[in-house]
Structures are given as C-alpha cells and as structure tokens.
Amino acid sequence: MDLLVRMREICLALPETTERLSHGEPTWFVRGKTSFLTLAVEGHHENTFPHFCCAAPAGVQGELIAENPDVFFRPPYVGHRGWLGVRLDRDPDWAEIRELAVDAYRTVAPKRLVAELE
C-alpha cells in the first residue's frame, strides 16, 4: 500500500487531526495548529530515503536510536526538540508505526483529546 495512504489512515483516525502540506511535505496537525508528524515519501535533504519525523516523549529519541540506528535517526531541524526520524524503506512494522504516531499525537495534543484515545 502507498506510504501516504497508510500514514493518512493512521493519523486521521486520531481526534481532531487535520492534514496539510508544511514545507512541501504532508503533515498532520492537532486542531489544525500543532504538528505531530511529517512524512517525507521521497526523503528530505541528506536523508534520501522514505521516512517520517514525529514528536516523541522526552528521552524516547535517544533510546530508540541507540536500540535500532538502522531504522531510527535524529532528524534535521526538529531533532534538537526530541523529534524522532523513522525510516520507511526497511519493511516497516506497521503496528509499531501506528504506536509511534499515537505517541507523537499524545506528546502534543491537549489532555482532553488524549483522554479520548483511552
């Protein structure tokens, strides 16, 4: 299945999520304001492989990169804020991708919306 279709299915299932282009890439926002995930189907800058970047809870970026540096990386521009880069060209585990997207959403969404996930 097309990467954009899969990511759209995952992200738009979350409460009050919208999608629009940001810096030329499909990006998902909570209430149209705060982004939580950006998809780079063709890659971006030096990362010439399909991937996404997402918000992550404190400490998760370093933990996942140390655990599996072939899949996870520190993305440019947003990596210093703890965002996580995730390669999609290595037979991704879509259950894990869904978990990462939900965690990204939880990281930036208001508590009332996070409660709707429960």
Side-chain angles (χ1 to χ4, degrees):
M1 182 186 278
D2 179 89
L3 292 177
L4 178 57
V5 171
R6 284 194 110 147
M7 292 308 297
R8 197 173 267 154
E9 177 185 287
I10 291 167
C11 293
L12 291 177
L14 300 168
E16 296 188 41
T17 295
T18 57
E19 175 189 340
R20 71 175 184 270
L21 292 180
S22 179
H23 300 89
E25 304 288 356
T27 302
W28 288 271
F29 296 81
V30 177
R31 293 186 170 159
K33 298 176 192 169
T34 308
S35 64
F36 66 94
L37 191 145
T38 297
L39 177 65
V41 174
E42 302 295 324
H44 188 75
H45 292 300
E46 72 274 2
N47 298 314
T48 58
F49 43 82
H51 66 277
F52 68 88
C53 299
C54 65
V60 168
Q61 179 198 73
E63 185 178 303
L64 289 177
I65 292 170
E67 181 181 300
N68 192 348
D70 290 335
V71 173
F72 302 107
F73 63 97
R74 185 176 191 245
Y77 308 112
V78 292
H80 71 280
R81 295 188 344 217
W83 278 48
L84 179 66
V86 183
R87 294 184 72 128
L88 293 172
D89 61 341
R90 308 241 167 121
D91 192 28
D93 175 345
W94 286 100
E96 181 178 40
I97 299 301
R98 183 178 304 277
E99 284 180 38
L100 292 168
V102 171
D103 286 348
Y105 177 90
R106 287 178 193 274
T107 300
V108 304
K111 290 178 186 177
R112 185 185 67 74
L113 292 179
V114 171
E116 289 183 29
L117 297 174
E118 305 308 321

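What's counted below: heavy atoms across the whole structure, side chains too, no hydrogens, waters or symmetry copies.
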What closest approach, in Å, do [X] and [Y] show between heavy atoms, and which atom pair accounts for it?
{"X": "Ala56", "Y": "Leu84", "value": "CB-CB, 4.3 Å"}
{"X": "Leu4", "Y": "Leu39", "value": "CA-CD2, 3.7 Å"}
{"X": "Gly32", "Y": "Thr18", "value": "CA-OG1, 3.4 Å"}
{"X": "Ala101", "Y": "Leu14", "value": "O-CD1, 4.2 Å"}
{"X": "Ala104", "Y": "Cys54", "value": "CB-CB, 3.7 Å"}
{"X": "Ser22", "Y": "Thr27", "value": "CB-OG1, 3.4 Å"}

message: Test: side chain to side chain donor-acceptor pair (under 3.5 Å). Region: residues 95-107. Which pairs qualify, not counting sequence neighbours?
response: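 Of all non-adjacent pairs touching residues 95-107, those that pass side chain to side chain donor-acceptor pair (under 3.5 Å) are Arg106-Glu118.
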Taking [Y] as the starting point, is it possible to reach [X] by hopping between hydrophobic residues whose side chains are less than 4.5 Å apart?
{"X": "Val114", "Y": "Val30", "result": "no"}
{"X": "Ile65", "Y": "Leu88", "result": "yes"}
{"X": "Trp83", "Y": "Phe72", "result": "no"}
{"X": "Val78", "Y": "Val41", "result": "no"}
{"X": "Trp94", "Y": "Val102", "result": "yes"}

field: Gap between atom OH of Tyr77 and atom OG1 of Thr38 - 0.5 Å precision
entry: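 Thr38 atom OG1 to Tyr77 atom OH measures 13.0 Å (nearest 0.5 Å).
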- request: Give, for atom CG of Leu3 and atom NE2 of His51, the distance between the pair rounded to the nearest 0.5 Å.
  value: 11.5 Å
task: Please lay out, stage by stage, how Phe52 and Cys11 fare under the test side-chain contact (heavy atoms from CB on, under 4.5 Å).
output: CA-CA 12 Å; Phe52 68 88; Cys11 293; over 6 Å; no
- request: Decide side-chain contact (heavy atoms from CB on, under 4.5 Å) for Glu19 and Met7; before the verdict, give the C-alpha distance in whole Å, the side-chain angles of both, and the deciding distance to 0.1 Å.
  value: CA-CA 11 Å; Glu19 175 189 340; Met7 292 308 297; over 6 Å; no
- prompt: Which pairs, with at least one residue in residues 4-33 and sequence neighbours excluded, count as a ring-ring contact (aromatic ring centres under 6.0 Å, His included)?
  reply: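 Not a single pair qualifies under ring-ring contact (aromatic ring centres under 6.0 Å, His included).
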- prompt: Can you name the side-chain contact (heavy atoms from CB on, under 4.5 Å) partners of Arg90, sequence neighbours left out?
  reply: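 For Arg90, the residues satisfying side-chain contact (heavy atoms from CB on, under 4.5 Å) (neighbours in sequence not counted) are Asp70, Arg87.
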message: Can you confirm whether Leu100 sits close enough to Leu64 that some side-chain heavy atom of one is under 4.5 Å from a side-chain heavy atom of the other?
response: yes
- prompt: Has the side chain of Gln61 got a donor or acceptor atom that lies under 3.5 Å from a matching backbone atom of Gly79?
  reply: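 Yes; at least one donor-acceptor contact below 3.5 Å.
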